[in-house]
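Beneath this line is the structure, given in structure tokens, with notes to follow.
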Amino acid sequence: WNSEWKKSFKPFRLGDRVVIKPSWEDYIPTEGDIVIEIDPGSAFGTGSHETTSICIEQLEKHVTIGEKVLDIGTGSGILGILASKLGASQVLGIDKDDDSIRVAKENARINGCFNMDVQKGNLLENIDFSADIVVSNITADIIIKMISDLHSVMGENSIFIGSGILSKKMDMVEEALIGNGF
């Protein structure tokens, strides 16, 4: 059963230019495609969830060449890899799960994203990084927990992209953001 799911995981398009390609599938890119080859293994994130799609669309809009991107809760590394492929000069992925760290590092290597580092961490604790863009596709409760620390890794013109928030918790996230000066 552990490899049965692979049969239904085929290349698919997200956002305007992004194609998520399982490492075991063939895909011939068309002009302008940004192909992310992924093997999620036991880490969270195949890219198929709509919260990931939302983050991908926002990264496509906001990442410009030379920016520094912080991916909190990186999972399989898809968002950090995309940021790298969009031209970020430096990407840092943070996760507390050892399997996610291993998988994200391997996926970054497979995709040639040598400017992406993946570290073990709990949200923003002990993170010494200044980001132009912070992206986090996790749950509302965890986003709320880290909002008060976001300014420690963001500059005045930095952007926060948060997803994974159930609509019934949107007001709570918004209140926490506004209460912390966002």
Side-chain angles (χ1 to χ4, degrees), residues 14-15 18 20 36 38 40-64 67-84 86 88-108 113 115-182:
L14 290 172
V18 178
I20 305 296
I36 298 175
I38 200 89
S42 56
F44 178 80
T46 61
S48 60
H49 200 273
E50 40 185 64
T51 61
T52 307
S53 180
I54 291 167
C55 289
I56 284 173
E57 289 170 9
Q58 293 304 309
L59 287 170
E60 280 185 303
K61 286 181 188 174
H62 296 289
V63 175
T64 59
E67 290 188 314
K68 292 167 53 174
V69 177
L70 177 59
D71 178 11
I72 302 169
T74 197
S76 62
I78 288 174
L79 300 176
I81 291 166
L82 175 60
S84 175
L86 288 169
S89 63
Q90 189 176 359
V91 178
L92 175 59
I94 302 295
D95 210 293
K96 65 180 184 175
D97 179 72
D98 291 328
D99 286 333
S100 292
I101 294 164
R102 178 184 50 75
V103 168
K105 283 182 178 182
E106 179 62 13
N107 285 330
C113 299
N115 63 339
M116 181 175 173
D117 185 21
V118 181
Q119 297 177 9
K120 186 168 187 167
N122 185 17
L123 301 177
L124 297 172
E125 290 177 11
N126 303 314
I127 300 299
D128 184 21
F129 192 81
S130 179
D132 298 297
I133 296 176
V134 176
V135 62
S136 189
N137 183 18
I138 49 181
T139 66
D141 293 335
I142 296 173
I143 288 174
I144 290 168
K145 181 178 177 181
M146 76 173 177
I147 285 173
S148 63
D149 295 326
L150 276 174
H151 290 295
S152 69
V153 296
M154 296 176 73
E156 186 177 320
N157 296 315
S158 297
I159 295 170
F160 173 63
I161 300 168
S163 191
I165 303 163
L166 298 175
S167 58
K168 66 182 180 184
K169 295 198 174 191
M170 184 62 85
D171 289 343
M172 292 169 38
V173 174
E174 185 177 358
E175 286 174 24
L177 285 164
I178 292 169
N180 282 278
F182 288 90

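In what follows, every heavy atom counts, from backbone to side chain, and hydrogens, waters and symmetry copies are set aside.
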Can you name the residues that form a salt bridge (charged side-chain N to carboxylate O under 4.0 Å, His left out) with D98, not counting sequence neighbours?
K120

Show your reasoning for whether side-chain hydrogen bond (donor to acceptor under 3.5 Å, both in side chains) applies to S76 and N107.
CA-CA 7 Å; S76 62; N107 285 330; 4.8 Å; no

When rounded to the nearest 0.5 angstrom, what distance separates CG in D132 from CD1 in I159?
8.5 Å

Can you find a heavy atom in the side chain of L150 that is under 4.5 Å from one in the side chain of N180?
no

I165/T139 under side-chain contact (heavy atoms from CB on, under 4.5 Å): CA gap, chis, key distance, verdict
CA-CA 6 Å; I165 303 163; T139 66; over 6 Å; no

Do V63 and L82 have side chains that approach each other closer than 4.5 Å (heavy atoms only, starting at C-beta)?
no

Minimum side-chain heavy-atom gap I138-L123 below 4.5 Å
yes

Take L70 and L124 through the test side-chain contact (heavy atoms from CB on, under 4.5 Å) and record every step on the way to the result.
CA-CA 10 Å; L70 177 59; L124 297 172; 3.8 Å; yes

Pairs flagged by ring-ring contact (aromatic ring centres under 6.0 Å, His included) wherever residues 130-182 is involved - sequence neighbours left out
H151-F182

Name all residues meeting the side chain to side chain donor-acceptor pair (under 3.5 Å) criterion together with D141; count only those two or more places apart in sequence or in a different chain, and write none if there are none.
K169

Could you tell me if the side chain of I133 sits less than 4.5 Å from the side chain of I161, heavy atoms only?
yes

Quick check on side chain to side chain contact (heavy atoms under 4.5 Å, CB included): which of D71, I127, D128 does L92 satisfy it with?
I127

Side chains of V153 and M146: closer than 4.5 Å at any heavy-atom pair?
no

Could you check if a side-chain atom of Q90 sits within less than 4.5 angstrom of a side-chain atom of N115, using non-hydrogen atoms only?
no

What distance do Q119 atom CD and N126 atom CG have between them, rounded to the nearest 0.5 Å?
10.5 Å

